[in-house]
Structures are given as C-alpha cells and as structure tokens.
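The next block holds one structure in the form of structure tokens; read it before the comments.
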Amino acid sequence: MSNRKLDTPIQYVKGVGPKLAQIFAKLGVFTVEDLLYLVPREWEDRRQIKPLVEVRPAALEVVKGEILKVEAPPTRSRFSVLKVYLTDRTATLQLVWFNQPFLKNLLRPGMRLIVSGKVEVSDYDHILQLLVRDFEIDTGENLKVVPRYPLTEGLYHKKLRSVIKTVIENYLDEIENEQEKKALLTLHEPADMESIAAAREYLAFEELFIFQLGLLLKRKEYKEELKGWAIAGEPALLDEFRRLIPFVFTAAQDRVLDDIMADLNSGRPMNRLLQGDVGSGKTIVAALAAFLAVKNGYQAAILAPTEILVQQHYGKLAKLFEGLFRVAILTSATATDKKRAELFDVDLVIGTHALLESKVKFKNLALVVIDEQHRFGVHQRAKLIKKGYSPHVLVMTATPIPRSLALTLYGDLDRSIIDELPPGRMPVKTYYVPKNKRSDAYEFIRLKVKEGRQVFFVCPLVEESKELDLKAAVDEAARLKNDIFPELKVGLLHGRLKSEEKDAVMKKFLNQEIDILVATTVIEVGIDVPNATVMVIEHAERFGLSQLHQLRGRIGRGSEQSFCFLIGEAKSAEARARMKAMQETNDGFKIAEADLRLRGPGEMLGARQSGLPNFRVADIIRDEKILQAARAAAQDLIERDPESAHNRWESQKHKVENPSAGSGSPALN
Ligand code: ADP
Ligand code: MG
C-alpha cells in the first residue's frame, strides 16, 4: 500500500462512509484521486440569469428567485408531483419536480433557489412551468458555471458536489504539478466556460502521454534489452517455401514478409501486429514464419480462437508441411495428457486456448503466432508468450481498427499491414432484403447451387444466449432442408457439436458434399472455403457492422463473384445505417470507422475483451489528435532522456493502471 494521501480510500472522506463508498465504486471512484479525476459530463452556464418575466419555453433555462409556496397535490398512484412557485420582482414561475417527495420537507417558502430545467407550457392548465433538472440554494456565492457529473443510483448531485468540494479543499494540494492542479480545479469549479476545454485537453494529454510512455518503454525493452532467437531466412529456404504453395505472394504479402524476416533475424524478439482485411492472406504469412522457425531448428505455435478454425489451419498446414515437419493439433477436445506431452518436441503446434494450459510445455518455442487476436484477451497473449523464452510474437487481426484504437491497444507492437487482396477477387455484392422478400433470395440460391456453388446460411444472433442461438440454427436447418430445399444437401454447424462432428461437417462442406451450410456465428472467424459464394444472414439487423463484415469475409475468397443477402427488418435509423454501409462498401477499414461512429469503441470491439483501458479523462476517439501528439511527445522524451522517461512512468503509472479497468490496463501487462 502506498502512503500517498491521494490514495486515501473515498470511504474516509468526511460525509462518505462505507455505504456511499460502494456507490462511488460504481462510478470507478475508489480513492480521493479518482474523485478528483471524475470528469463532469457537461457544464451548465449560470452566468446570465433572466428575470422570470422573460422566461419562454426552452430546452434549458436557468432562473433564480424566492420560494412563494410549496404544493404537493395528492396523486392516486405512487407517482408524485411537487409544485413550487418561485418569484422574483418581475413574475412568478411554477417549478415542477417528479417523484422526489422528500423535497417537500426541504423546500420552504422564503428560501432562495437557483434552478435549471426545461421550460414548457403545461398541458393541464396551460401555464408556463419549469421541469427541474438541477437546483441549489442561492447563497450568493454559488458557482457561475456548474459541473454536472455522471451519476448513479443513490448518488446525486447535491451529495456528489459536496464531497468533491471537501476533497478539493483537503487533497488538491497534494498534486505537485501546478498545471495539473489548476486544470482539475477548472473542471470542478470553472471560472468561465472558455477555460474548460483547454483544461480537459491538458489532462487528456497527460493521461495519454503516460499511457503511451508505458507502451513505448515496453517496446523499447523488447527491442533493446531482450535477446531473440536468431531465425535466418536464406533465399534457398524462401524458394523452398514458394515451391510448396500454389500461388505467388501479393506485393503486400511480400512487404510484410520482409518486415517479419528482418525481425526474426534481428537478434531481438519480434513483437509485431499483422493487420489485413478478411481474405487478404494472413495465414500463409504465418505459415512462412513458422516454416523458417522450424527450419532453423526451433518450435513454433499458432493459436486460433475457435476449434473449427484450428482444425482448418491444421488441415492446411499439415498438408503443406507433409513429410517436412511434425505438425500437431491441440484443442480442449484433443488435450489428453499424452497429447500434451507429445508437444514437447513437435515442430509446429496449432491449437485453441487449450495451448495456454500450464501443463503444455515446449522444448524451444521460438515463434508464437496469434490468429484473430481480437478474439483473445491480452492476458492470453502474455500466457502463451511465457511458454517460450522471449519468443518472436506475431499477432494477426482482421479487425481493421482505426489508428487511434490501434495505438491504444497495440501501441507496444510494430505494425505491418496487408492492404491488398490476392488477384482476381471481386468485391462481394451485398443486398439488404426485407424479410417478406426472402423467397427471392432462395430462388437465387437454387440457381447458384445448380452452377456448382455453395452457400452459408448464418442464423440469427439471439441476444446473449448460446442456447437460443443453437435452437435458431437447428430450426432453420430443419426448415431449409424439409420445406425449402428438399432437393439440396443441407448441413448444420454450431459450437455444441462434438469436435469430430464439427470436423466432419467442415470436411464435407470443403469437399462439396454439402450445398448449404447452416451455421451459428461459429463461422465468423477464419473459415476459408473459396467455393462458397453466397451468404444469407438472417436477422442481419441484430449484428454489429464489424461482425457482419467478418461474416461476409467468408465469401468472396475465390475468383467467382460472390453475393451476400442481409435479411431482416432494419427498423431503427441506426440499423438502416448499418445495412447501407454493408451494401456500399467491402472495405473493412471504412466499415470499422462507420462501426466506431455508430457504436463507440467499447461496443465495437466487444466489451468483454476489448482490452481498452479505462481512461479517466481521455476519449481516444474524440482525442485522436491529442493521442498522436502524446505518443510523439513520449517517444521524444524516451529518446532525449530515457532516465527521466523511466522515472516519469514509474511515478505516474498508477494513473493509467486504473483498477476500474479490471486487472489494470491490459495493454501494459
Ligand atoms: P485471412 O487473411 O482472412 O486469414 P486467408 O489466409 O484465409 O485470409 O486467405 C484467404 C484465401 O486466399 C486462402 O484460400 C488462401 O489460400 C488464398 N491466398 C492467400 N494468399 C494468396 C495469394 N497471394 N494469391 C492467391 N491466393 C491467396
Ligand atoms: Mg485468417
């Protein structure tokens, strides 16, 4: 435990106590420092207050005056109304509070109030009234600009403001940096509206600066302090690999391979993010890296998020390297002790998170590839890395996250991008089909199957429930098989199938023994069956944009034109915007940006493992420019004065390793 006064638990602040402290915790406030950094959501300008006679209907108005009368008319339901008549020398205005009966005993004639809220003409008696949003007793010393904070059940402005006032009086001076102190004071007690933005930006910069300092120091450690296994990529080896594969690398793949080979041979561990849209050909890049590692006498491991994807990678790579290396698979279904023991001296292992179990041991693991990184928590990345002695790490993702997110999530990694698809690919044609027109799509499917193509049917995502997702898929498969396409071969794939069953279904689909594969979102990542050129997504409106894009990425992988039908009911404007974006573009980057605009970063990445730190002040989307400036400044400090960079990080890191973010900022672990 530290003895900084700023770390004092909020519970011990005058007027708080253990009960209220629990409520503060919901806002991420555990210590007095957290409270100092609780940034208001908005600020109400109370510098100019109109005489009551000038008040007109308005979204927000601030008035003041003296209470003339308090009325609490009886109502029949539990719902309650409090009416207070406020007067100044010019007029009287009716104030209305709903469901706060306790105020009746607090507000008395003769009291002076400052009140804000919406002004409207009452439906009932046609007089002007103000629906109160916020009020305080007029002391003559009230703030002219009043912060409004995020609140939670049981903690309202009156109490919150008084605790903040206490904390400012007793603890603000503990902050050493004068500018920071001033900025915090400005947020809580601004002298005017104009100074707020600059204060907030200053604090956001500080926060992002510290965070980036941490990432960049970690990256520097990788680059300068750790030893990496030397993996050489001689031309003869490369030629050997090229002879194994049936196509030529794209220019983008070549560029990325150059980056990777330089890393592998640098004497330092590689720590690289490989970004490339769905279908851009990341697997083969990973395969080459693994090939080089094994040829240099080491072991390599590839981690993928689903068993189906692991099976697929295993199928491909075992074939590719047949007769050359020992390739093994490890999933929770295959993880017997014997299997685990065998991994010790296998050349290449492909597995699910079962690979992360502590029983799994390697002899000389020199390369770790993490496919579909966005599906894993950052801690899992760390676990696998620990199985080798600073192994080379390549993380791959198809989520084309915008730059600000990439710098936050992967700011400690070097980055390579495959920005080109293999030749001959045609953009998928995408259509939104209102659900009463779905039979049109069925006719089209019949045609395509006759031409020899295959079809994915993706079943609706049922809110938060795997059981229901499963039922939806089972029902849909039965319906399609019995009622719609009795003449076609319909298969079913979902997460609950036994591992051999999944494998068997995928093999059948790959061998074209199944025409239509009905599936849950288990097929979302990685699946590669180029002959499948049609995808139907039922209840498409229930899926997020990035997920729709990932799903659609399962088709358009060969040289045939592919088609995607989004069946649904896009009722909300937001849902329509998603359908529109899908029809208009195949560019994952544009999709990601639209998704970010529509849903915000946490939702977009999936709250569960977004890995995004909980910044107290900064908002990485809004503050993207500040983020980039902060990163540049952090880089600059590390280069100019590494020692003070270190000290700065050590003394400030608690600010970005926020306990409310779970187990600290994952990107820093
Ligand atoms: P992703 O980047 O989504 O993981 P994959 O690695 O699954 O993409 O590759 C998609 C498909 O493209 C695979 O069938 C793969 O064999 C093929 N492919 C990869 N690189 C090339 C290339 N340079 N030329 C032609 N086809 C390629
Ligand atoms: Mg892939």
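If you read the sequence from its start, that first residue is 1, and numbering goes on from there. Just follow the structure's listing: the first ligand is 1, and inside any ligand the first atom is 1.
- Atom 16 (O) of ligand 1 has Phe247 CE2, 3.6 Å as its closest protein atom, hydrogens excluded (heavy atom only).
- Between Glu513 and Lys507 there is no salt bridge, since no side-chain nitrogen of the basic residue lies less than 4.0 Å from a carboxylate oxygen of the acidic one.
- We find that Asp515 and Arg453 are not joined by a salt bridge, their nearest charged nitrogen and carboxylate oxygen being 4.0 Å or further apart.
- With distances taken over non-hydrogen atoms, the option nearest atom 8 (O) of ligand 1 out of Ala287, Gly281, Pro422 is Gly281.
- With ligand atoms numbered from 1 in the order given, ligand 1 contributes 3 (O) to contacts under 4.0 Å with heavy atoms of Val278.
- Counting the atoms of ligand 1 from 1 in the order shown, those under 4.0 Å from a heavy atom of Phe249 are 23 (N).
- In this structure, of Ile418, Thr283, Val248, Asp277, the residue bringing a heavy atom nearest to atom 5 (P) of ligand 1 is Thr283.
- The only option from Leu517, Ile308, Leu510, Leu492 that meets the side chain to side chain contact (heavy atoms under 4.5 Å, CB included) definition with Val505 turns out to be Leu517.
- Note on ligand 1: Ser280 sits in its first shell, one or more heavy atoms being nearer than 4.0 Å.
- When all heavy atoms of Ile231 and Ala366 are compared, the pair lying nearest together is CD1-CB, 4.3 Å.
- With respect to Ser562, the side chain to side chain contact (heavy atoms under 4.5 Å, CB included) criterion is satisfied by exactly one of Val534, Asn586, Ile555: Ile555.
- For atom 14 (O) of ligand 1, the closest non-hydrogen atom of the protein is Asp528 OD2, 2.6 Å.
- For ligand 1, the atoms closer than 4.0 angstrom to any heavy atom of Thr250 are 23 (N).
- Defined by atom type and a distance below 3.5 Å, a donor-acceptor pair is missing between the side-chain atoms of Asn271 and His392.
- Residue contacts with ligand 1 include Gly279, since one or more of its heavy atoms lies under 4.0 Å from the ligand.
- For the residue pair Glu307 / Ser499, a side-chain donor-acceptor distance below 3.5 Å is found, with atom types taken as modelled.
- The shortest separation from a heavy atom of Arg425 to ligand 1 is under 4.0 Å, placing the residue in contact.
- In terms of protein heavy atoms, atom 2 (O) of ligand 1 is closest to Lys282 NZ, 2.7 Å.
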